[in-house]
Each structure stands twice: as C-alpha cells, then as structure tokens.
Number of protein chains: 2
Amino acid sequence: MIDVDSDELLSIRAAELYYEENKTQDEIGLILSLTRWKVGRLIAQAKASGFIRIEIVHPRARRPVLERRLREKFGLQDAIVVSTAGLDAFDGEAAAAVEMQSRTAHAAAEYLTLLRPSPRSLGVSWGHTVHAVAQQLRQGWAHGVSVVQINGSVSLTRSAGVAAQAAVTIAQKGAGTATLLPSPAILERRETRLAIESDRTVAQVLAAAAGASAYLFSAGPADESSVHVASGYLSLEEMAALVAAGAVGDVVGRFIDASGGVVDDDLDDRTLGIRLAQLRAAAVAIAVISGPAKHEIARTVVASGLCTVLITDENTALELLDQT
Amino acid sequence: MIDVDSDELLSIRAAELYYEENKTQDEIGLILSLTRWKVGRLIAQAKASGFIRIEIVHPRARRPVLERRLREKFGLQDAIVVSTAGLDAFDGEAAAAVEMQSRTAHAAAEYLTLLRPSPRSLGVSWGHTVHAVAQQLRQGWAHGVSVVQINGSVSLTRSAGVAAQAAVTIAQKGAGTATLLPSPAILERRETRLAIESDRTVAQVLAAAAGASAYLFSAGPADESSVHVASGYLSLEEMAALVAAGAVGDVVGRFIDASGGVVDDDLDDRTLGIRLAQLRAAAVAIAVISGPAKHEIARTVVASGLCTVLITDENTALELLDQT
DNA sequence: GCCGGTTTCGCTCAGATGAGCAGATCCACT
DNA sequence: AGTGGATCTGCTCATCTGAGCGAAACCGGC
C-alpha cells in the first residue's frame with residue numbers, strides 16, 4: 001500500500017473543510033485537533049502543492065497569469081488570453097474550436113473598444129478572424145475611425161466584397177470610413193505588383209496604411225487550410241513548397257519561417273501590402289490568433305516582434321509559454 | 001450580440017484578479033476604480049453565481065458537502081464520499097472504475113481503522129469490494145478483532161479460500177481471529193439450509209455473526225455481472241427472473257427490490273446468512289458501494305435503512321441525492 | 001414633479017487570516 | 001551523550017475581509 005504523507009492527507013482534510021464547508025481555520029483546528037496556525041499552514045501547503053484548483057468558469061473569463069507571463073516572456077505591450085473553461089460542454093472539437101474563435105474575437109473587439117487613445121486610423125488585414133472581430137464589435141465602438149486595408153484583398157474566386165466586408169463593418173460600427181486596397185493579395189509577377197502599387201489610388205491607400213495609428217491582423221497557418229489556398233492565390237503545390245522551405249504561416253499575406261523571416265523572396269516580392277518591417281515598427285500592432293492549427297505561427301509572430309499586443313486563447317498561450 | 005450583464009463581467013474580472021493574481025480586494029478596487037466593498041460584493045456574487053469553481057484535486061479527497069447531505073437525507077450515522085477528481089487522467093472507463101473502486105476501498109479501510117469504539121467483533125460479507133477493503137487495511141489496524149463471516153461463502157466454482165480470504169486478511173491485519181461460515185451462500189432446498197443451519201458449528205458462527213458489534217458489507221447489482229452468477233449459485237435465467245420480479249441487487253446474498261423488500265421468498269428461504277432485519281437493527285452497519293452499476297442498489301440500501309454508514313464515490317452520491 | 005418601496009452604496013466594526021519571530025524539537029554527526 | 005543546523009510550532013501583530021447598518025440612488029406609478 002502506497003502511503004500518502006500524513007501531513008498531506010491532513011492538508012487535504014483541512015482544505016475540504018475550509019473550501020467546501022467554509023469553516024474558519026479556527027473551527028477546523030477544533031475538529032482536527034490542531035492549532036489554527038497549523039491549519040493555515042496546511043491549507044497553504046495544499047495550495048502550494050497544487051491540490052487546490054480554483055477555476056473561473058465563464059465564457060468571458062480571462063487568464064491574467066498567462067497574460068502577464070506572455071507580456072514578460074515576449075516583451076509584449078499587452079496580452080489577452082481567453083479562458084477555455086467550460087469547453088467540455090460543447091460536443092466535438094470543431095464546435096469547441098468555433099466557440100474559442102468566437103470568444104477570442106469578442107475579446108479583441110472589447111480590447112479595440114477600450115483601447116486608449118482610441119485609434120484615429122486603423123490598419124486591418126482580412127480573413128476569418130478579422131471578420132469575426134468585426135462582427136463582435138458593437139455599434140459606436142469608436143467615434144470616427146479611419147479603417148484602411150493593409151494587404152491586397154481582391155479574391156480570385158469570390159467577389160471583392162467578402163474580404164472588404166470586415167473593414168467596412170469595422171468602420172461603419174466605429175462611425176468612420178473604410179479605405180479598401182483594390183488589388184489582389186498576391187500577383188503573378190513582380191512587375192505587376194510594382195505597376196499596381198504605383199497606381200495613384202493604390203499608392204495612396206498604401207501610404208494611409210503605412211501611417212495607421214494601430215494595426216489589427218491575424219495570421220494563418222501554412223497548410224492546405226490557408227485562406228490563400230481557398231482564395232486561389234496559391235495552389236496546393238505552391239503551399240507544399242512553402243512548407244518544405246520552412247514556412248510556418250502567413251501574416252498579412254506574407255509567408256514566414258519559424259524565425260520570422262520571409263520564406264520565399266520571389267513570392268514576397270509579388271505580394272502587395274504593407275511590409276513586415278512596417279508592422280514590426282508599429283506602435284500598436286494587435287494580433288488576434290486562436291486555434292490549435294495556429295500555435296506555430298503564433299509563436300513566430302510574438303517571438304519575432306510582429307505584434308505589440310497578442311489576443312489569443314488559453315491553449316495557444318500555454319503552448320507559447322511551454323519552455324523553449 | 002448577446003450582451004453579458006456588465007456587473008457580471010466586472011465580477012469575473014474582479015474574481016480573476018482575486019483568485020488568479022491574488023491581489024487584495026483593495027488593490028482590485030484601485031485597478032477597476034471601485035470601492036473595496038463593491039469588489040467584495042462582486043466576488044461574492046461571482047461565487048454565488050457559480051462562476052468560481054474550487055476543486056480539491058487529490059486521490060484521497062472527499063466531499064464533505066455530499067457527505068452531510070447524505071447523512072441528512074437518509075438519516076445515516078455517517079457517510080464517506082470519495083472524490084472523482086483527476087479521473088480524466090485515466091484512459092478508459094474501466095480504468096477509471098477500478099481507480100474509484102480502489103479509492104472507495106481505501107476510504108473504507110481508513111474508516112474502519114479510525115472507527116471508535118474499535119469493533120470487538122466485525123461481521124463481514126464477501127465479494128470484490130470487501131476483498132479490496134481487506135487489501136487496503138494496514139497491519140495493526142485493530143488490536144484483536146474477531147471477524148465473522150455473515151453469509152455463506154463456499155463457492156461452487158472456486159475453492160472456499162477465495163471468499164474466506166477477505167475475512168482472514170481483515171482478522172490477521174487486525175491481530176485477531178477469523179470465524180468462517182462453512183456453507184454455500186444459496187442452497188437448492190430450504191430443508192438443506194435448515195439442516196446446515198442447525199449444525200452446531202454453523203449455528204455457532206451464525207450466533208456470533210448476529211452478535212457482532214459492527215458489520216462491513218457491500219452490495220451487488222442484479223444483473224449478469226453479479227458474483228452469484230459468477231460463483232454458480234444462480235443461473236442467468238434465475239437472475240433474469242429476479243430482475244423481472246423487481247430485484248435491483250443483493251445484500252449479503254439476499255436479493256431485494258427497490259423498496260428494500262425480499263424479492264423471492266423461496267430463494268431467500270434457501271439463502272444462508274444473517275437476515276436483513278438483523279442488519280437493519282445493527283448499531284453499526286457499514287456499506288461500501290461504488291461504481292455506476294451499483295447506483296440503484298445503493299439507493300435501496302440507504303433508503304431502506306440497511307446501513308448506518310455508507311462509503312461510496314462521488315458519482316453514486318450525486319445520483320443518490322438527485323431528487324426523488 | 002413627487003412619493004413610497006426597493007436596491008445599491010459606503011462605512012464601522014469585529015472576526016478571520018497571513019507575515020514574521022522566538023522558542024522548541026528533531027536529526028545527523030561526532 | 002553532546003552539538004550545531006534545520007525544521008516545526010505557537011504566538012503577536014498588522015492586514016484583510018465579511019456582516020450589518022444607515023444613507024443615497026433608483027424606479028415605477030400617480
């Protein structure tokens with residue numbers, strides 16, 4: 001029979017009476033024939049040994065401890081970590097992932113709303129995540145905000161509207177205006193990109209994007225589920241090649257490796273939108289990244305200084321903090 | 001967008017800072033621009049709303065709240081409920097069930113050891129559970145205890161030793177003696193039972209059993225997994241007939257229905273061992289019942305006053321307390 | 001606008017709790 | 001046995017926290 005340290009057992013009994021029966025340490029001392037100081041120490045010991053688990057079960061709960069550790073480890077200005085508590089109530093991993101996506105987007109919307117100073121101009125990328133954030137924002141989240149798209153958005157397979165939707169919604173709900181970037185995200189030839197870029201309308205948008213007072217973007221994993229594959233910008237073969245070359249994902253359409261460097265210079269040269277250096281230099285760059293598929297790219301984003309603020313879920317945060 | 005009551009959200013934020021960051025309510029007030037009393041109330045509210053879940057994670061943890069409710073609801077002298085915390089670490093329901101069985105047996109062994117006055121004579125039944133308790137008892141748990149079997153034990157398919165083992169082990173570890181009941185549990189004819197019962201050796205054991213200062217027994221479900229089927233006392237058909245007649249399980253070999261009454265008078269008349277009335281009249285009757293298959297019989301045991309002390313697992317306890 | 005009822009607020013005060021400290025106890029090694 | 005170091009114990013005291021209580025704010029009906 002494996003014996004459990006009798007002090008450990010006592011501390012469990014004390015903790016039961018304290019937390020479940022909410023008796024005072026005095027009363028517990030009486031019951032267990034201990035001084036109340038001993039009881040206090042036993043409970044402290046139980047806590048220190050991790051036998052007492054306190055969980056805040058609420059869809060909008062956050063994890064301040066993880067947030068602080070993220071800030072410290074990666075030198076972030078701010079970090080928001082939404083709790084995964086209560087996820088077992090959802091059946092199926094897919095449903096759970098959707099819920100976490102939604103919680104994260106909600107947290108991002110709230111963060112944007114509460115951000116002070118409220119951004120005069122906000123550069124946004126596009127994709128599922130940014131779209132979700134736009135949805136969660138409430139009417140009047142800002143009083144006049146100039147929203148600018150920061151990377152090419154015209155899709156080859158869908159109408160431009162879909163990608164533009166997010167920026168427009170964010171602007172509309174913030175009583176402001178949206179400036180769209182009328183260009184594909186990835187061009188076939190470098191020259192085409194240069195040509196489009198030099199067009200006055202596009203150049204003006206890019207200039208506006210470069211001068212935004214804050215950025216809001218997500219990141220995508222480098223795999224067949226990437227929006228760039230779905231949008232037709234990249235074939236499955238090209239994606240496989242990127243992965244083979246070390247790509248872990250993309251930020252504003254630019255594919256990067258684990259160290260945060262551009263993977264394919266040629267591809268990057270054909271990609272239209274602000275450059276990663278501009279993002280790295282931004283005073284406020286909010287990355288919203290959630291989901292198990294994005295752990296790797298999330299690590300790269302925070303590790304290579306692409307964002308100043310990270311909004312993510314608990315699992316991703318734990319993964320990011322997990323050593324290395 | 002479904003809005004969450006802003007007070008509710010505040011209470012979550014306050015709770016996060018209080019429980020995760022362990023700040024004082026004063027500090028939290030400073031952070032959230034609230035008075036410390038408001039913070040206290042918010043945290044209390046979060047607790048009351050059930051957003052704060054405090055769990056004691058330890059294999060030997062108990063559930064004093066459930067224990068008290070069991071005592072109150074069923075008028076028990078005592079109740080021990082072992083926690084299911086940490087069971088997800090086991091893979092498979094079977095492994096989890098084994099773990100709970102073991103935890104419950106451990107708790108029973110501990111209870112016996114700490115029972116005051118220590119029983120001079122202890123009547124025991126036999127089966128998996130009692131065997132497990134015997135295993136978990138430690139050397140010297142008592143100083144001279146007279147252990148008596150309270151129901152027939154000679155198996156038709158295995159050697160008598162197996163069923164006797166538990167009683168012998170309990171006696172040996174308690175520096176005492178074991179008195180075995182040298183008879184099958186269920187006879188084929190009433191007359192045989194009477195004949196055996198009138199034999200002096202058997203009669204003396206039964207008399208000793210009747211005079212025990214405490215009883216320790218378990219209960220079995222009425223289904224094909226019953227030890228009485230495995231032991232060969234009952235055929236699958238007989239068991240099916242018992243179930244059809246309303247049997248929910250057996251206690252010391254006697255099958256009872258939901259209200260605690262004997263299901264089959266003839267069968268009961270062929271069963272050798274102490275009578276249920278004797279158990280109901282006992283000053284200390286400790287029932288050790290754990291596992292999902294035994295919820296129904298557990299309910300019957302406590303509801304019909306067959307035990308004064310129940311030792312069980314959290315799930316069974318919850319089931320027992322679940323209304324009705 | 002006014003008024004009664006209800007809720008919320010800030011506060012007092014007493015009880016509960018944790019930090020820190022000196023004495024007691026234990027333990028290993030001579 | 002004797003000794004030095006480490007740990008444990010019970011205590012004082014300062015701080016933290018929850019109950020209870022008037023005062024203020026709020027709300028709906030006139």
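FYI, side chains are in, hydrogens and waters are out, and symmetry mates aren't considered; it's all heavy atoms of this structure. Since the structure is predicted, the reported quantities are computational estimates derived from the model, not experimental observations.
- Shown here are the side chain to side chain contact (heavy atoms under 4.5 Å, CB included) partners of B:E93, two or more places apart in sequence or in another chain: there are none.
- Screening residues 22-42 of chain A for salt bridge (charged side-chain N to carboxylate O under 4.0 Å, His left out), with sequence neighbours left out, gives A:D7-A:K38.
- Every side-chain hydrogen bond (donor to acceptor under 3.5 Å, both in side chains) that A:E20 has, sequence neighbours left out, goes to B:R63.
- Rounded to an integer number of Å, the gap from A:Q45 CD to D:dT9 C1' is 14 Å.
- In the helix from C:dG1-D:dC30 to C:dT30-D:dA1, the terminal helix axes, each the rotation mapping four pairs' C1' atoms onto the next four within five end pairs, subtend 30°, rounded to 10°.
- Whole-Å rounding puts the A:L42 CG to D:dG10 C1' distance at 14 Å.
- For residues 27-52 of chain A, the set of pairs meeting the ring pair (Phe, Tyr, Trp, His ring centres under 6.0 Å) definition, not counting sequence neighbours, comprises A:F51-B:H58.
- The backbone N or O of B:S121 lies less than 3.5 Å from a partner atom in the side chain of B:S213, making a donor-acceptor pair.
- Under the salt bridge (Lys or Arg N to Asp or Glu O under 4.0 Å) criterion, B:R69 pairs with no residue, sequence neighbours left out.
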Where protein sits on nucleotides 12-25 of chain C, one letter per nucleotide: B base, S sugar-phosphate only, - none, heavy atoms under 4.0 Å: B---SBS-------
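- Rounded to whole angstrom, the span from the CD1 atom of B:I28 across to the P atom of D:dT17 amounts to 8 Å.
- For residues 103-120 of chain A, the pairs satisfying salt bridge (charged side-chain N to carboxylate O under 4.0 Å, His left out) are A:R60-A:E110, A:E99-A:R103, with sequence neighbours left out.
- For D:dT9, neither phosphate oxygen OP1 nor OP2 lies less than 4.0 angstrom from any side-chain nitrogen or oxygen of A:T35.
- Applying the salt bridge (Lys or Arg N to Asp or Glu O under 4.0 Å) rule to B:R68 yields the partners A:E21; only residues at least two apart in sequence or on another chain are considered.
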